[in-house]
Amino acid sequence: MSDRPDATELLAIARTTLLAKLLPQLPDELRYDTLMIANAMAIAARELSAGDAAAQTELARVYALLGESSPPLAGAQLHAVRADCNRRLAAQIRAGRF
């Protein structure tokens, strides 16, 4: 058993601190920016806790649109291939294929 928080927990702790302790001390003109940062932290935490599942689902759907088969990928390779497939799909959309 580890007493150290994982990345998801660290993001949650940082976000809570930002909202509870720092936001009330900031001037009003920084409120929107601070809330935007807090929302980005929440999104990152959700994506981190979900692992590769969402990226794998997205990649499979993009491959289906491209008429290709989806190989099993994980980690950095999954995200690199997903980005490449999204660029290819966007190019085909711009070309009028879809």
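Values below: all heavy atoms of this structure, side chains included; hydrogens, waters and symmetry mates excluded.
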Asks: Please report the closest heavy-atom contact between Leu65 and Leu89, naming both atoms and the distance.
Replies: CD1-CD2, 3.9 Å
Asks: Suppose we screen for side-chain contact (heavy atoms from CB on, under 4.5 Å). Which residues come up paired with Tyr32, at least two apart in sequence or across chains?
Replies: Met36
Asks: What closest approach, in Å, do Ala7 and Leu48 show between heavy atoms, and which atom pair accounts for it?
Replies: CB-CD2, 3.2 Å
Asks: Taking Ala74's backbone N and O only, do any of them form a donor-acceptor pair with Gln77's side chain (distance below 3.5 Å, no angle check)?
Replies: no
Asks: Applying salt bridge (charged side-chain N to carboxylate O under 4.0 Å, His left out) as the test, list every pair that has at least one member in residues 23-36; sequence neighbours left out.
Replies: none
Asks: Roughly how far apart are Ile37 CD1 and Leu19 CG, rounded to 0.5 Å?
Replies: 10.5 Å
Asks: Using a 3.5 Å distance criterion without hydrogens, assess whether the side chain of Arg15 forms a donor-acceptor pair with backbone atoms of Ala38.
Replies: yes
Asks: How is the hydrophobic cluster of Val81 composed, in terms of its other members, when Ile, Leu, Val, Met, Phe, Trp and Tyr link through side-chain heavy atoms under 4.5 Å apart, directly or indirectly?
Replies: Leu59, Tyr63, Leu73, Leu78
Asks: Would you list the pairs meeting salt bridge (charged side-chain N to carboxylate O under 4.0 Å, His left out) in which at least one residue belongs to residues 79-93, sequence neighbours left out?
Replies: Glu58-Arg82, Glu68-Arg88, Asp84-Arg88
Asks: Please list, chain by chain and in numerical order, all residues satisfying side-chain contact (heavy atoms from CB on, under 4.5 Å) with Thr34, sequence neighbours excluded.
Replies: Leu18, Leu23, Leu26, Leu30
Asks: Please identify each residue that fulfils salt bridge (Lys or Arg N to Asp or Glu O under 4.0 Å) with Glu47, with sequence neighbours left out.
Replies: none
Asks: To the closest 0.5 Å, what do you measure between CD1 (Ile93) and CG (Asn86)?
Replies: 9.0 Å
Asks: So which atom in Thr8 and which in Ala45 form the shortest heavy-atom distance, rounded to 0.1 Å?
Replies: CG2-O, 3.9 Å
Asks: Are any side-chain N or O atoms of Asp52 and backbone N or O atoms of Gly75, one a donor and one an acceptor, separated by less than 3.5 Å?
Replies: yes
